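What follows is one structure encoded as structure tokens, with my remarks underneath.
By convention in this document, chain letters (A, B, ...) are assigned in the order of the sequence lines, proteins followed by strands, and residues within each chain are numbered from 1. These numbers were taken from a predicted model, which means no experiment stands behind them.
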Protein chains: 2
Amino acid sequence: MNNNKNTAELILDTAQGLVQEVGFNGFSYAHIAEKIGIRTASIHYHFPNKEDLAEALIARYNREFVAKIAEIDSETTNNLDKIRRYMMIFSIPVDTYCTCLSVMLSSDLATLTEKVREKLAAFFTANLTWVERVLEQGRSEGHLQFKGTAQAQAHKILTSLQGAQLLARTFRDANRFNMIAEGVISALS
Amino acid sequence: MNNNKNTAELILDTAQGLVQEVGFNGFSYAHIAEKIGIRTASIHYHFPNKEDLAEALIARYNREFVAKIAEIDSETTNNLDKIRRYMMIFSIPVDTYCTCLSVMLSSDLATLTEKVREKLAAFFTANLTWVERVLEQGRSEGHLQFKGTAQAQAHKILTSLQGAQLLARTFRDANRFNMIAEGVISALS
DNA sequence: TGTATTCTACCTTTTAGTAGGTAAAGAGTC
DNA sequence: GACTCTTTACCTACTAAAAGGTAGAATACA
């Protein structure tokens, strides 16, 4: 029960890195096993099949996201700063020319189960509701401005960040991401 | 030489559909072969290996894109209409909850060759330069407005359309895409 | 006749997974 | 404290199927 958690987490860490690099269909249990120096059978012990692994990955990702936005909320009240810090979450994978887990799973969606699709949709909903709330609050307090509904604006922000990751990776140029992120900020202020 | 072209095109059509649905690592030659009623060896005759297929796909995609924007340019001079028609290209795969070839290949980039990456980057550059030019022209003529450089704005438009496809597919809801597309248009006018 | 295209029949490697064994750690009993 | 008994976590060894590809024969076309 105690060492269990360590190996399982190690498997998830490695798997997440692989998904973000090569996609869910671009690696096998053998790749994970080799990276962490165990046998594939040991991975099957923790995650009987690859779908279990996908579910565990998105569940953990969701938990971590909720913790991160809670941290942002607790550390700043400035809504523009909140958006800035939110966008920084998306900039982390860009440095290694990867994309975040959710973008990769979205691409591979057709080969995953309905349960994974639902959890992924729930993750995006959590993103959108939070951004929407921050935008609405920022506008009502007068230091954020944008046209249209907060909902449409939140959708635009989330999707440009997702696309920005893909573009930066294709051009192998993190500046492409930064240009878009700065564009989002300057449009709001 | 004459029927060759037909089979090769049929293979490309089928492969493109599969890439857009399940990604480049989500299907095999056997899937293509079964769909069009030939043997896998016949596919190897036209495209010796899967990388050749990837290159042919992106090359054809690029050619078709160039033709499409030439058509748009020839049929309208209104720059907002041009953007509207450009965005319609992206909305086509959304109806079947797919994403365009370039988004899928971007995701699978790490498992593809450098040549494919370069061709994909060239495709995005063609997109960006065209959108940028339309935006610049529209602003100077006074019927388009946006903050910052046309370059940054073009990046934002392209990436939100890419992300919008992923989001619409995950939610299985084409309206998510439409909401974003309308947001782009209303922000410009 | 010759060339282009497609086929059958292989092959090797990888993938995803199962069966069953083992060493170590804990819990309960005497 | 030594004795089982069970659980946990990992292993070896195996399997069936699929992926990616080759060699060479058969067929169609010009």
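- Rounded to an integer number of Å, the gap from CG of B:D52 to P of D:dG20 is 13 Å.
- B:W130 and B:F65 have their aromatic ring centers separated by at least 6.0 angstrom.
- Side-chain polar atoms of B:Y97 and B:D173 form no donor-acceptor pair below 3.5 angstrom.
- Picking from D:dA19, C:dA4, D:dC10 the nucleotide with the shortest atom distance to the side chain of A:T7 gives D:dC10.
- Taking every side-chain heavy atom of B:I38 into account, C:dC7 is the closest of C:dC7, D:dT12, D:dC10.
- One finds no salt bridge joining B:K115 and B:D52 here, because no Lys/Arg side-chain nitrogen approaches an Asp/Glu carboxylate oxygen to under 4.0 Å.
- What separates CD of B:E34 from C1' of D:dA17 is a distance of 14 Å, to the nearest Å.
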Contacts under 3.5 Å, N or O only, protein and nucleotides 22-25 of chain D:
none

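- When each of D:dC11, C:dC7, C:dT15 is scored by its nearest atom to the side-chain atoms of A:R39, the top-ranked nucleotide is D:dC11.
- For the residue pair A:S106/B:T170, the side-chain donor-acceptor check at 3.5 Å is satisfied.
- Atoms CD1 (A:I43) and P (D:dC10) sit 11 Å apart, rounded to a whole Å.
- The side chain of B:Y45 sits closest to C:dT6 out of C:dT6, C:dA16, D:dG20.
- When every heavy atom of A:R133 is checked against every heavy atom of A:K82, the shortest pair comes out as NH2-NZ, 4.3 Å.
- Considering only side-chain N and O atoms, B:S42 lies nowhere under 4.0 angstrom from the phosphate OP1 or OP2 of C:dT5.
- Rounded to an integer number of Å, the gap from CG of A:N49 to C1' of C:dG17 is 9 Å.
- Rounded to an integer number of Å, the gap from A:F27 CZ to C:dT15 P is 11 Å.
- D:dC29 atom C1' lies 14 Å from atom CG of B:N6, rounded to whole Å.
- In this model, a donor atom of one side chain and an acceptor atom of the other lie less than 3.5 Å apart for B:S107 and A:S107.
- One finds a side-chain N or O of B:S28 lying less than 4.0 angstrom from the OP1 or OP2 phosphate oxygen of D:dA19.
- Here the closest heavy-atom approach between residue A:D108 and residue A:F24 is recorded as OD2-N, 2.7 Å.
- We find that CG of B:N25 is positioned 11 Å from P of C:dA16, with the value rounded to whole Å.
- One atom, CZ of A:F24, and another, P of C:dT15, lie 13 Å apart when rounded to the nearest Å.
- Taking side-chain N and O atoms only, A:H46 has no distance below 4.0 Å to OP1 or OP2 of D:dT8.
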